[in-house]
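Note sheet for the following structure.
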Amino acid sequence: MKIASWNVNSLKVRLEHVLDWLREHNPDVLGLQETKTIDENFPLEALKAAGYEHIAYSGQKTYNGVALISKHPIESIVTDLPGLDDPQRRVLIATIKGVRIFNLYVPNGSEVDSDKYQYKLNWLKALTSFTKEELSKHKKLLLMGDFNIAPEDRDVHDPEKWKDQVLVSDKERAALQKLLKLGLVDSFRLFDQEDRSYSWWDYRMLAFRRKAGLRIDLVLLSDALAKECKSSCIDIEPRKLERPSDHAPIFVDLKAS
DNA sequence: ATGGTCGTCTAACGA
């Protein structure tokens, strides 16, 4: 089973890129973040016509918004983290073919020690609590999405410049480590990867051309799924298109499941 | 050099 994740930064603008990418890569499941569309405007028909009959979404106006697009039935949907009273639509958790899938748009955090940064840390705490609970019920568990955290310095094009900045700062990296310690692995690092592998490049300053990116989009796997993982990749091709998302799609290939 | 570029019910704001 092939499972993918992509922060599209507006599904309305990026629909053709998404449809082309689905045709080319044929994943079983694609999780989207930053759809920026209310549920009534979700482009259901175009995605169903592309062979994805099972679709779930949790959208809002202007900001955030997540969706799961699947070839297989989507069961036991959860759209809110317990204990977090949050109107922002950042979470879509569901079971597909026996895999518990978390599709996540982690808060950006704006600036270190801002209110938004504190919200990010609180959000990650609530995520970690719920992940622990879900891991006790589901051996095959996967978290994917825009984590807005670069796990290590090798995930940052210029660690000196980024030191102590949001997306890289110690407290958010520690929060990610705490999540991983529940029994999850960063699937990307199960395999040899090219140096300077990133998933996001700022629109400004010709960042993509300069390879000035960060790897902040992740697929985390429980031990049971890590054993089944055949590959974990970032596809930078869509970032080269006209009017691209600032993020690249990422995906894993799982044996069996 | 504190900018720059996108996307959003075109105006600040968020990323």
Side-chain angles (χ1 to χ4, degrees), chain A residues 5-21 30-43 46-47 57-67 84 86-92 103-124 127 144-151 155-169 171-173 175-176 198-218 234 236-250:
Chain A
S5 167
W6 196 359
N7 179 325
V8 289
N9 185 19
S10 168
L11 183 54
K12 187 180 176 184
V13 173
R14 234 63 71 188
L15 183 59
E16 288 308 313
H17 289 190
V18 170
L19 292 169
D20 287 346
W21 196 82
L30 172 61
L32 300 174
Q33 303 92 36
E34 281 205 271
T35 56
K36 295 187 173 179
T37 192
I38 56 173
D39 293 346
E40 299 89 274
N41 294 341
F42 195 90
L47 291 161
Y57 38 77
S58 181
Q60 71 178 81
K61 204 168 124 175
T62 311
Y63 300 116
N64 309 313
V66 284
L84 200 74
D86 187 3
Q88 301 191 31
R89 301 294 81 198
R90 299 177 174 278
V91 173
L92 190 42
N103 179 35
L104 305 169
Y105 177 42
V106 177
N108 171 284
S110 188
E111 286 176 46
V112 171
D113 293 334
S114 65
D115 288 350
K116 290 196 176 88
Y117 185 78
Q118 195 52 51
Y119 163 65
K120 182 181 196 173
L121 295 178
N122 290 344
W123 196 96
L124 288 164
L127 172 67
M144 66 179 174
D146 177 359
F147 279 75
N148 270 317
I149 303 170
D155 302 310
V156 181
H157 71 97
D158 186 346
E160 281 307 307
K161 183 187 158 190
W162 278 86
K163 192 174 156 52
D164 299 327
Q165 301 293 308
V166 78
L167 311 185
V168 164
S169 71
K171 277 187 252 181
E172 54 196 300
R173 277 183 169 172
L176 178 61
Y198 309 123
S199 67
W200 170 81
W201 304 261
D202 200 303
Y203 283 123
R204 296 166 287 189
M205 309 292 284
L206 303 169
F208 182 67
R209 218 181 64 182
R210 292 167 37 232
K211 300 192 179 190
L214 273 67
R215 191 173 69 90
I216 56 176
D217 298 87
L218 311 173
I234 301 169
I236 67 166
E237 292 305 314
R239 189 64 175 81
K240 301 172 181 172
L241 300 172
E242 260 186 66
R243 272 192 109 185
S245 169
D246 45 353
H247 293 255
I250 62 173

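The chains referred to below are lettered A, B, ... by the order of the sequence lines, with proteins before strands, and numbering in each begins at 1. All figures in this text were calculated on a predicted structure; none of them were measured in a lab. The figures that follow rest on heavy atoms only: side chains count, while hydrogens, waters and symmetry mates do not.
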### Task
May I have the distance from A:N41 (atom CG) to B:dG7 (atom P), rounded to whole angstrom?
18 Å
### Message
Distance check, P atoms only: B:dA15 and B:dC9, in whole angstrom units.
### Response
16 Å
### Message
Please report the distance separating the P of B:dA1 from the corresponding atom of B:dA11, rounded so that it comes out in whole Å.
### Response
35 Å
### Task
For A:D202 and B:dG14, give me the distance from atom CG to atom C1', rounded to whole Å.
12 Å
### Message
Could you tell me how far B:dT10 sits from B:dG14 if I compare only their P atoms? Round to whole Å.
### Response
15 Å
### Message
Using OP1 and OP2 only, check whether a side-chain N or O of A:K116 sits under 4.0 Å from B:dG14.
### Response
yes
### Message
In whole Å, I'd like the distance from the CG atom of A:N9 to the C1' atom of B:dT8.
### Response
9 Å
### Message
List the residues meeting ring-ring contact (aromatic ring centres under 6.0 Å, His included) with A:Y117, not counting sequence neighbours, and say none if there are none.
### Response
none
#### Entry: Nucleotide of B:dG4, B:dG7, B:dA15 approaching A:M205 most closely (side-chain heavy atoms)
B:dG4
### Query
Quick one: is B:dT8 close enough that its OP1 or OP2 comes under 4.0 Å of any side-chain N or O from A:S10?
yes
### Query
Can you tell which of B:dG4, B:dT8, B:dA15 lies closest to the side chain of A:V13?
B:dT8
### Task
May I ask you to verify if any side-chain N or O of A:R243 is less than 4.0 angstrom from the OP1 or OP2 atom of B:dT5?
no
#### Entry: Whole angstrom value for the distance that separates P of B:dG14 from CG of A:N7
17 Å
### Task
For A:S110 and for A:R204, find the nucleotide of DNA chain B with the closest heavy atom, then tell me which residue's nucleotide is more 5'.
A:R204
### Query
Roughly how far apart, to the nearest Å, are B:dT2 and B:dA12 at atom P?
23 Å
### Query
Atom CG of A:D246 to atom P of B:dC6: distance rounded to whole Å?
10 Å
### Task
In whole angstrom, give the distance that lies between atom CH2 of A:W162 and atom P of B:dA15.
13 Å
### Task
Kindly indicate whether the side chain of A:I149, heavy atoms from C-beta on, has any atom under 4.5 Å from the side chain of A:L124.
yes
### Message
Side chains of A:N108 and A:K120: any donor to acceptor distance under 3.5 Å?
### Response
no
### Message
Between P on B:dC6 and CH2 on A:W200, what's the gap in Å once rounded to a whole number?
### Response
13 Å
### Task
Check whether any side-chain heavy atom of A:L176 lies under 4.5 Å from a side-chain heavy atom of A:L218, and answer yes or no.
yes
### Task
Measure from CG on A:L206 to C1' on B:dG4 and round the result to the nearest Å.
9 Å
### Message
Do A:T35 and A:Y57 make a side-chain contact, defined as non-hydrogen atoms from C-beta onward lying under 4.5 Å apart?
### Response
no
### Message
Once you apply a heavy-atom cut-off of 4.0 Å, does A:F208 come out as touching a base, just sugar-phosphate, or nothing?
### Response
nothing
